[in-house]
Amino acid sequence: MAEYLLKEGDELDQICWNYYGNLPGALEALLRANWAFLGFFDDRGKVLPLSKPIAITLPELKRPTSITNSIRIFE
């Protein structure tokens with residue numbers, strides 16, 4: 001597991017994007033791993049003013065190992 005130091009102005013979705021990319025379920029996993037720190041965020045996921053940086057956990061997530069075959073609908 002990695003850690004990230006929250007700073008004023010950080011946003012949950014941007015933290016997820018920077019660390020996980022577009023991995024499905026990343027935001028939900030981040031919220032579950034850091035539920036005790038949700039009071040440091042406003043209702044839009046932006047970090048409120050902090051007196052010092054707060055470390056949150058960036059949980060390890062399984063990344064897809066292969067790409068599922070797709071079906072071509074249009075020729």
Side-chain angles (χ1 to χ4, degrees):
M1 274 193 228
E3 286 189 343
Y4 178 82
L5 286 178
L6 291 177
K7 299 170 293 305
E8 184 178 339
D10 281 342
E11 296 183 17
L12 276 173
D13 57 351
Q14 189 63 46
I15 295 167
C16 280
W17 178 256
N18 291 343
Y19 190 74
Y20 299 108
N22 63 349
L23 189 63
L27 181 59
E28 293 82 356
L30 183 66
L31 292 171
R32 278 192 303 276
N34 296 285
W35 64 269
F37 299 110
L38 295 181
F40 293 110
F41 296 90
D42 68 12
D43 59 348
R44 294 184 180 178
K46 191 170 184 176
V47 175
L48 297 168
L50 302 170
S51 58
K52 63 179 182 173
I54 303 289
I56 61 169
T57 301
L58 299 171
E60 292 299 320
L61 300 178
K62 291 184 179 182
R63 300 193 183 269
T65 56
S66 64
I67 298 174
T68 307
N69 290 338
S70 59
I71 299 171
R72 248 186 119 138
I73 298 174
F74 301 102
E75 297 285 336

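The model shown is predicted, which means the values in this text are computed figures rather than measured ones. Sequential numbering from 1 along the given sequence is applied to the chain's residues.
- How far CD of E11 is from SG of C16: 11.5 Å, rounded to the nearest 0.5 Å.
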Start with the C-alpha gap between N22 and W17, add the side-chain angles, then the distance that decides, and say whether side chain to side chain contact (heavy atoms under 4.5 Å, CB included) holds.
CA-CA 6 Å; N22 63 349; W17 178 256; 3.5 Å; yes

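- Between atom CG of residue L27 and atom CZ of residue R32 there is a gap of 9.5 Å, rounded to the nearest 0.5 Å.
- Atoms OG1 and CD, from T57 and E3 in turn, are 5.5 Å apart once rounded to the nearest 0.5 Å.
- Heavy atoms only, all atoms of each residue included: N34 and I56 are closest at OD1-CB, 3.3 Å.
- Separation of atoms CG (L12) and CZ (F41) is listed at 4.0 Å; rounding is to 0.5 Å.
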Starting from the C-alpha separation in whole Å, work towards a yes-or-no answer on side chain to side chain donor-acceptor pair (under 3.5 Å) for N18 and Y4.
CA-CA 11 Å; N18 291 343; Y4 178 82; over 6 Å; no

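- When the side chains of ILVMFWY residues are joined at heavy-atom separations under 4.5 Å, either directly or via intervening members, L5 and L48 end up in two distinct hydrophobic clusters.
- When all heavy atoms of P59 and Y20 are compared, the closest pair comes out as O-OH, 2.6 Å.
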